[in-house]
Structures are given as structure tokens and as C-alpha cells.
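Take a look at the structure set out below.
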Protein chains: 2
Amino acid sequence: MPGLRSWGAPSTIFSFYGNPVLPMPLSKTSRSPRKTRASVPRQNNTRQILDAAEKVFAAHGLSGTRVSDIAEASNLPKANIHYYFRTKEDLYRATLQQLLEDWLGDASKWLSADRSPREGLEGFIRSKMAFSRQRPEGSRLFAHEILSGGRYVHGFLVDTLRRHVEHRREVFEKWHAAGLIGTVDPTHFLFCLWAMTQAYADMGVQMAAVLDKPRLTAVDFEAGCRTIIQLATSILPDPVAPPPVQDTIKTRPGRRRTTVRSARSRRAAT
Amino acid sequence: MPGLRSWGAPSTIFSFYGNPVLPMPLSKTSRSPRKTRASVPRQNNTRQILDAAEKVFAAHGLSGTRVSDIAEASNLPKANIHYYFRTKEDLYRATLQQLLEDWLGDASKWLSADRSPREGLEGFIRSKMAFSRQRPEGSRLFAHEILSGGRYVHGFLVDTLRRHVEHRREVFEKWHAAGLIGTVDPTHFLFCLWAMTQAYADMGVQMAAVLDKPRLTAVDFEAGCRTIIQLATSILPDPVAPPPVQDTIKTRPGRRRTTVRSARSRRAAT
DNA sequence: AAAAAACCTGATCATATGGTCAGAAAAAAC
DNA sequence: GTTTTTTCTGACCATATGATCAGGTTTTTT
């Protein structure tokens, strides 16, 4: 009896229905637990829909997005979208989830205690900036969500992200204890890094308009990258001055300052 | 004949109809040019509506906002909203316009060549952070708009804002020429300042969640303020070391570095 | 005080949009 | 090759929501 078929994803790891989602890592929210791998069409279409959804949601947010837009963007009839994702909200959740897995990226790889702060900070910033450049939709989707109150990612924020921040904080503290960086509030320092790197995706339109160009180019990202790195690495001690004289008043431990470095960065004045 | 009355604002400086708007300073977009000052009820209701609209638009964006929400938030019947603002879009434009007048705030007051960089940067940052704290709705509304492509503020961006950035750039260049700050890309430096200060409004939810509190407090803002100031003022030369000994190698003019300053800021490590 | 202008609002309309459904087509299982 | 499951989709429905309007009330003008 076709009229009573189990609408929607019957049983695969790619189904996302109205559920908590986010907190769990690679969650699936369908009924009937595991079974065979997702069928080929399901896998393809799901991928296609999620990719299209990320773009559209990123540009208009949840409420600003029409399912028909996603349908168009993914080249599938609207009813087919609803076949794989029962509601728009479900699709939104799934899109967010897919994103969040990437969002943290390799922060832990770079901001790790067994790296030098200089290397770590530079790597982290470059990595974040690359994300902003290559997947601006992702950044913007996340920004939209946070701006709107972040209720769909609340689980992620208080769970995964909080832990993540804890770890980064520990790394900064270790660096500081080892005299490798000066005194900063580690958490707010991290917030600042996020803010600056994300801005190049989220506020790209604004920057581009100010710079009188249709969009930010690789050159702009590089300039931004350098500036952010310059600011961020200001917390590490001067690698040039410390060894030699170093005035005798001995102000206080951990008070050395870094030089401008990256003196090669394009001239500020003129 | 009441049925044929001129619906909506007939002729005052407070009418905003579907028009370009933004570029012009205090534009009014009604028909019949000037005339008497806005009547009392008009002035009150308009104010009330715009204030409510800012809050609601900030939380949900243009498309996520329902006129009925604004009606509710402003304690007026929906039809009355449409009496003063023909369409939702018109109201949105008016709300943005009201905001943009404040947004630039006293940047020019602080980032001015006749101030010291330290004073200027600190003042600017504190001023921006105060805005983020006291009018987070404004910041978020603007962020929403930019994220969504910024077509309603395009005029403002390429006109007013671009000129504004030009001026700030000149100030930085003067400071640099006078040896008061090191080498930085002035434009991207400004972008970074915007990014960090705005983040405390736009990403407040995220930060609060990470910090395990319902919302950011004054203390958090102060900590953020200090951190941003610390990073920003890293571009100015060290005010403590220069007078005394100062190692003899004379690395290069303008390369001195600032100390951690604000050493009283809460300990980073531990 | 009459007339005109401005203000106000409940009721109503038109449309956009999320979501459903029946039934066909395709694929997989048997 | 038959059955069962899964996929697909045009047509349809229900509702939300932006906008209008008719006619009343208040304010201002004359």
C-alpha cells in the first residue's frame, strides 16, 4: 500500500528529524537504528541538499530562507526536500551540524602546548582565515544563528565549544608559565582571535564596500591575515631584544614586549 | 471624504517611504515637502515604533520579523504601524537610518590626529565597547543587515563609511609619520578594531555560553575592553623603556615596543 | 463652530510559504 | 519475475502574514 509508506528517510545515518541533535557528535536522528549504508540516491541527494542549504541559509538565515529556494539551489523539487528532511527546521539543524564539525577545524592542532606560540598563533590564524575565505557561507550561517540567539546551537556552545575553549586556555596558560607569552586574559584573547578572523567572512560585504571592490580578494585576506598575526603575536616577548642588554631595572617577570616584527608588512603610512 | 484620505504620513520629516534613503543624512521620503513640525502623536508614535523595531529587527532580521511583533513591542495596533510606515521594508530602512547615525559615533572624536595614539585608541575602543554593551540591538541589527548582503546600507557603506575610513586612515598615517605608532596596515587595523568591539555585541550569546553565564556582564566587557586595548596598543612604541638606557644597537626607528601595561589586568595564567 | 486635516483601528484581503498526500516510478530484496 | 521497499513529484491544503480599507475619533485650522 503505497499510500501508507513510511514517508521520509526510513532508516539511514543520513536522516535528520526534529530532535536535539547538535550535542552528539555524528548523530543520526532517524528511527530504525542502523541497517544498510545509505543508498546511493539518498546519499547523493542528501549531500546536494545540505550543500545548497548551507549557501541559502547562510545568505538569509533560517526564517529568511524558503524551502523552495533550497529546492531550486539543489535542483530538486520541493517535495523531494521534504522527503529527506521532514521540516525546514530539521534541515536547518542538519546543516548546522554538518558545519559545526568543521568549524572548530584544526584549532587544537595549532593552539597546542607542544608548539611555539608564534607558530601556533600564526597557524591558527591562517587556518581560520582560510576557512573564512573558502567557506564564507559556513561562517555566515553560524553568525546568523548566533545573532538570532543561537538556540539551535546552544548544546554545541555549552558542551563542545566550552570544553574546547577550556583546552585552549590551558595551552595559553602553559605558554605563559613557560615565559613564552606575556600576560593576557586567555579567554578574551581567544574571543578576539575569533572575532577578527570571522569578520573577514561575516563582514566581507562591508569591508569590500569600503575598499571599493565587489568582493574581498586573496590579497585582502593576506593583508588581514598579516595584521591579525601582528596584533596577536604582540603578546609574545621580543625575540630580538631580550638576549642582549635588557635594562637593569627588572620591572617585573613576564613584562617583556615583542617588537613590531613583520616589519616587511606593507608600509602603514603612505 | 474620509475614505480617500491621504493614508500614512502626509508631510513631515518623519515619514519614510520606499526610497533610497540612507545616503542622505536626515532624509525624509514623504511627498509634500516641509511644512509644520511633526505633530505630537506622530513624533511619539514614530519614536516608539522605531525603538521597538530596532529591538525586533535586531533579534530576527528583516525577513524574520513580523509586523505584528513590532506592533506588540510598541504597544500599537498593527494597522497603526502601517499608518506611519507604509511597508515593513520602509520601516526597516528607517530603523537602519536611525541607527547608522549613531553607529559611527565619536570615532572621529577619538581617532583624531590631535590626540595621542594611546589616548585615541583607548577612547575609541572604550566608546565602541560601550555601544556594544548599551545598544547591542543596534550592533546586531547592523550585523544582520551586513550578513544578508547589506543592500539596504550599500549607499551608506560606499559613501559615508568609505569616507570615514579614509579619514581614520589619514590619522593613522600621521601618527605613524610622527613616529607615534609602528607599522600597520591602517585599514585592516581598523577592521580588526571593529571586529573585536562588535563581537561583544554580535557574538555575545556565544561568549556568554562559553563563559557559562546567561549573558555578558560589565565585568566581561571590562575584561574584553582591556584585552582589545592591549592588542591594539601593541602597535605603539614602548613608553617605558625609551627614556633610560635603551640598548645601543639601535635596531631601527619606531621599533620600540610597549610593555604589557595594564599589568593589573587579571592574571592570564592560572 | 464648522470644516478640514490628521490620526486610529477592527475587519478583511491576497498571497506566500511550509508542509502533506496519493500514486507512479525505480531499486532492492526475494 | 514477483514482491517489497524506497524514491520521486505534481497537486493540494492550511496557515501566517504583509497590506488595505472603511469609517470613526481626535486635533487643527479657518
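Letters go in sequence order (proteins before strands), and every chain restarts at 1.
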Please report, rounded to the nearest Å, how far the [atom2] atom of [N] is from the [atom1] atom of [X].
X	N	atom1	atom2	result
A/Leu62	C/dT17	CG	P	14 Å
A/Tyr92	C/dG18	OH	P	14 Å
B/Ile81	C/dG10	CD1	C1'	15 Å
A/Asn44	D/dC8	CG	C1'	15 Å
A/His82	D/dT9	NE2	C1'	13 Å
A/Phe85	C/dG18	CZ	C1'	16 Å
B/Gln48	C/dC8	CD	P	10 Å
A/Arg47	D/dT7	CZ	P	16 Å

End-to-end axis angle, where each axis spans five pairs of the helix from C/dA1-D/dT30 to C/dC30-D/dG1, to 10°: 10°
Trace of the ring pair (Phe, Tyr, Trp, His ring centres under 6.0 Å) decision for B/His144 with A/His144: CA-CA 7 Å; B/His144 255 308; A/His144 255 306; 5.6 Å; yes
Rounded distance (nearest 0.5 Å) linking atom CZ of B/Arg135 with atom CG of B/Leu141: 9.0 Å
Smallest separation among heavy atoms of B/Arg215 and B/Asp220, with atom names: O-OD2, 4.2 Å
Identified salt bridge (charged side-chain N to carboxylate O under 4.0 Å, His left out) partner of B/Glu166 from the options B/Arg169, B/Arg168, B/Arg163: B/Arg169
When the ring planes of [X] and [Y] are compared, do they come out parallel, tilted or perpendicular, using 30° and 60° as the limits?
X	Y	value
A/His164	A/Trp194	parallel
B/Phe142	B/Trp103	tilted
A/Tyr200	B/His188	parallel

Among D/dT20, C/dC8, D/dC8, the nucleotide that comes nearest once only the side chain of A/Tyr84 is considered: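 The answer is D/dC8, which lies nearest to the side chain.
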Of the listed nucleotides D/dC8, C/dG19, D/dA19, the one nearest the side chain of B/Lys88: D/dA19
Can a side chain N or O of [X] be found less than 4.0 Å away from OP1 or OP2 on [N]?
X	N	result
B/Tyr83	C/dC8	no
B/Arg86	D/dA19	no
B/Arg42	C/dA6	no

Check: B/Leu157 main-chain N/O paired with B/Arg162 side-chain donor or acceptor under 3.5 Å: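 Between the backbone of B/Leu157 and the side chain of B/Arg162 there is no qualifying donor-acceptor contact (under 3.5 Å).
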Side-chain donor or acceptor of A/Ser148 paired with backbone N/O of A/Glu145 under 3.5 Å: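 A pair under 3.5 Å: no.
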Strand-adjacent residues in residues 64-80 of chain B, judged by heavy atoms under 4.0 Å from DNA chain C: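 B/Pro77, B/Ala79, B/Asn80, in order of number.
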